[in-house]
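Following: one structure in structure tokens, then a few remarks.
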Amino acid sequence: AQSVSQHNHHVILSEAASLELGCNYSYGGTVNLFWYVQYPGQHLQLLLKYFSGDPLVKGIKGFEAEFIKSKFSFNLRKPSVQWSDTAEYFCAVIGNTGGFKTIFGAGTRLFVKA
Amino acid sequence: NAGVTQTPKFQVLKTGQSMTLQCAQDMNHNSMYWYQQDPGMGLRLIYYSASEGTTDKGEVPNGYNVSRLNKREFSLRLESAAPSQTSVYFCASTHRWAGGNTGELFFGEGSRLTVL
């Protein structure tokens, strides 16, 4: 069965600090990988996605993620965070077999201090 | 640009009451999903419909039923609400291509349900 693990449940950073959020997944086949963001009181929005090709993908608002197949990881990074990045971040995986279910990690709450 | 529309946005129920959450999408997506969100638990998949005419259980289906009424609409029903079902419910849709790749999920605004 698919599963997604996010290592950090809460992260507090100061503005301009660098960010890396870990995500590992468990699935034996080909996967599509996503990072979503949820700002307070809002629904989830897509940050970036990986289907195939270059394992380093760039998303909106300066975020990027690297797919490392050998480590089953898809970590999210941003060189310099802003106060407006305060939100909850979710890693998600969908396998190309087994019902095409998108499974989410538990989320990481990021608080950026101004 | 309606996208995914959920109703109602808020609902308070008494234990044992029933209700249906409605969801409609206007993006011609073939796949639709219902998720439950609780603090610290992420989004847990309740039921999904990979295509019109099919529905399947997700991670937490007990206490719920679904209907894929047509390509646009996917409803979630609570037959006998329990306090443990107090949560925020999100409907989502996406397109799945024949080769297996599935696009990003587009979410509704959420429905906050309280069961007393």
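Just so we're on the same page: letters track the sequence lines, and every chain starts at 1.
For a residue to count as touching a neighbouring chain, one of its non-hydrogen atoms must lie under 4.5 Å from one of that chain's; by this rule A:Gln45 does not touch chain B. If you measure heavy-atom distances from B:Phe90 to chain A, the contacts under 4.5 Å come from the side chain alone. At a 4.5 Å heavy-atom cutoff, the contact between B:Leu105 and chain A is made by backbone and side-chain atoms alike.
Within 6.0 Å of CD1 on A:Ile68 lie more than 12 heavy atoms contributed by other residues, nucleotides or ligands. Annotation: B:Met27, atom CE; neighbour count of heavy atoms from other residues, nucleotides and ligands within 6.0 Å is above 12. Within 6.0 Å of CZ in B:Arg44 there are more than 12 heavy atoms belonging to other residues, nucleotides or ligands.
Screening B:Phe107, B:Tyr35, B:Phe106 for a side chain to side chain contact (heavy atoms under 4.5 Å, CB included) involving A:Leu44 leaves a single residue, B:Phe107.
Checking A:Gln42 against B:Glu109 by side-chain atom types alone, no donor-acceptor pair falls below 3.5 Å.
For the atom pair CD of B:Glu104 and CG of A:Leu47, the computed distance is 11.0 Å after rounding to the nearest 0.5 Å. In this structure, CG in B:Leu45 is found 8.0 Å from OG1 in A:Thr102, a value given to the nearest 0.5 Å.
Residues A:Phe74 and A:Phe63 share a hydrophobic cluster, clusters being chains of Ile/Leu/Val/Met/Phe/Trp/Tyr side chains in contact below 4.5 Å.
A 4.5 Å side-chain heavy-atom check between A:Ile94 and B:Thr94 finds every atom pair outside the cut-off.
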